[in-house]
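Each chain gets a letter, A, B and so on, in the order its sequence line appears, and its residues count up from 1. In this text, all values refer to a predicted model and were calculated from it rather than measured experimentally.
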Amino acid sequence: MKIYVSNLSFNVQDEELLNLFTPFGAVASAKVITDRETGRSRGFGFVEMEDDNAAQEAMQQLDKTSVDNRSIGVSEARPKSDRSFGNSPFKSDNGGYNKRKW
DNA sequence: ACTGAGCGA
């Protein structure tokens, strides 16, 4: 399961992210999206976990927690066309979901 | 006091 981690402090890097999620389960990949131009962090990242329920657990536990004096946000990343959002206005006309406002 | 909304390439 892919997880979207937002509002990260700019000090946080990939390994920090990894250290946060590892205790909850096997982490397939953890990457902070660093700005390709400047190389600095963009303040958000992605974590992919092997076990789905461990991921869910990690999300609940890590969401809105303070990391490096900043309250981070953890949520599922890019829901496909499953009913993650039930009957939300985010229908999938394009196979994923709208990139305009999401 | 780099810089604060956001879903990578």
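The side chain of A:N7 lies closest to B:dG4, out of B:dG4, B:dC7, B:dA9. Side-chain proximity of A:R70 to the nucleotides B:dG4, B:dA9, B:dG6 is greatest for B:dG4. For A:F46, counting side-chain heavy atoms from C-beta on, the closest listed nucleotide (B:dC2, B:dC7, B:dT3) is B:dC7.
Remark on DNA chain B: of its neighbouring residues A:K2 and A:R40, the 5'-side contact belongs to A:R40, judged by nearest-heavy-atom nucleotide. Where A:D35 and A:F10 each meet DNA chain B at their nearest nucleotide, the meeting point lying more 5' is that of A:F10.
Of the possible polar contacts, none joining the A:S9 side chain to the A:R70 backbone as a donor-acceptor pair under 3.5 Å is found.
If you take CG of A:N69 and C1' of B:dG4, they are 15 Å apart, rounded to a whole angstrom. Atom CE of A:M1 is separated from atom P of B:dC7 by 18 Å (rounded to the nearest Å). When rounded to the nearest whole Å, the span between CD1 of A:I72 and C1' of B:dG6 equals 15 Å. Distance, A:D68 CG to B:dT3 C1': 14 Å, rounded to whole Å. When rounded to the nearest whole Å, the span between CZ of A:R36 and P of B:dG6 equals 22 Å.
A:V47 shares a hydrophobic cluster with A:M1, A:I3, A:V5, A:L8, A:V12, A:L17, A:L18, A:L20, A:F21, A:F24, A:V27, A:V32, A:M49, A:M59, A:L62, A:V67, A:I72, A:V74; the chain of contacts runs through ILVMFWY side chains whose heavy atoms sit under 4.5 Å apart.
Residue side chain A:Y4 fails the stacking definition with respect to B:dG6, as its ring centre and the base's six-membered ring centre are not both under 5.5 angstrom apart and under 30 degrees in plane angle.
Summarising the geometry, atom NZ belonging to A:K64 is positioned 11.5 Å from atom CG belonging to A:N7; distances are rounded to the nearest 0.5 Å.
Within the nucleic acid shown, A:L8 comes within 4.0 Å of at least one base atom, counting heavy atoms only.
Between B:dA9 and A:R42, a contact under 4.0 Å exists linking OP1 or OP2 to a side-chain N or O.
A salt bridge does not link A:D35 to A:R40: none of the charged side-chain nitrogens sits closer than 4.0 Å to a carboxylate oxygen.
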